[in-house]
Enquirer: 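For reference, the structure I am asking about is given below.
Atoms within each ligand, like the ligands themselves, are counted from 1 in listed order.
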Amino acid sequence: MRILVVEDDALLGDALQAGLQQAGYAVDWVQDGVQADHALCGETYAAVVLDLGLPRLSGLDVLQNLRSRQSSLPVLILTARDTVEDRIRGLDQGADDYLVKPFDLGELAARLRALIRRSTGHANPVLRVGEVELDPAGHSVTWQGRPVDLAGREFTVLQALMLNAGRVLSRAQLEDKLYAWGQEVESNTVEVHIHHLRRKLFPGLIETIRGVGYLIPRDKAGD
Ligand code: CA
């Protein structure tokens, strides 16, 4: 899952990027509102963490621009303790959640999981497809009740396909979720992860739609 972090405070931005990477996300970090606007126009994210007090273009303006493009991307705003009006305006302008600085990184990660889950139409935190269960919080997968050991990017690919069960994801869409800016995309990496997932789980779980992409059929979904 790829996240955009918009934060002009270098120390906080750096900590956010590192912390969310640790939690398994690909993270792009920008430090002003104009860069945020560009990133949101050009890239596909699972969610954005948006500071409101930003140079060049305020976080509220970034949010307003995003919603005026009819984007339903989950937005979590970061605000200072004394700016309750900003929080209200942010929520009224289409933010989905907020945190007041200073905040706990674990809480931020949990709120992002909830936002991403709801934005993809899943109320249950544990994803289920047939006998495969994936727990985003625990970063764990089981098949027929037995734990399956997946590498970080295998987990991300499986999570993306399970969140989108019944929809085909192209190789480019999956690559987008795996890599942040500046990370080199290794060729065939998605194919390799799919191959490993089929071997570690079972061959029929993920279907290849020739020339289009990959799919976990919805009728295998158990919930
Ligand atoms: Ca700021």
Enquirer: Say you draw a straight line from CZ of Arg87 to OG1 of Thr79; how long is it, rounded to the nearest 0.5 Å?
Expert: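 One finds 4.5 Å between CZ of Arg87 and OG1 of Thr79.
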
Enquirer: Which word best sums up how the rings of Trp181 and Tyr45 line up, parallel for under 30°, tilted for 30 to 60°, or perpendicular for over 60°?
Expert: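 Perpendicular: the ring planes of Trp181 and Tyr45 meet at over 60°.
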
Enquirer: Taking the basic N atoms (NZ, or NE/NH1/NH2) and the acidic carboxylate oxygens, is any pair closer than 4.0 Å for Arg2 and Asp28?
Expert: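 Yes, this pair counts.
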
Enquirer: Looking at Asp8, which of its N, O or S atoms is the nearest one to the Ca ion (ligand 1)?
Expert: OD1

Enquirer: Tell me whether the Ca ion (ligand 1) has Gly59 as a neighbour, meaning an N, O or S atom of it below 3.0 Å.
Expert: no

Enquirer: Counting backbone and side-chain atoms alike, does Asp51 have an N/O/S atom under 3.0 Å from the Ca ion (ligand 1)?
Expert: yes

Enquirer: Look at Arg67 together with Asp96 and state whether they make a salt bridge at an N to O cut-off of under 4.0 Å.
Expert: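 Yes, charged N to carboxylate O under 4.0 Å.
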
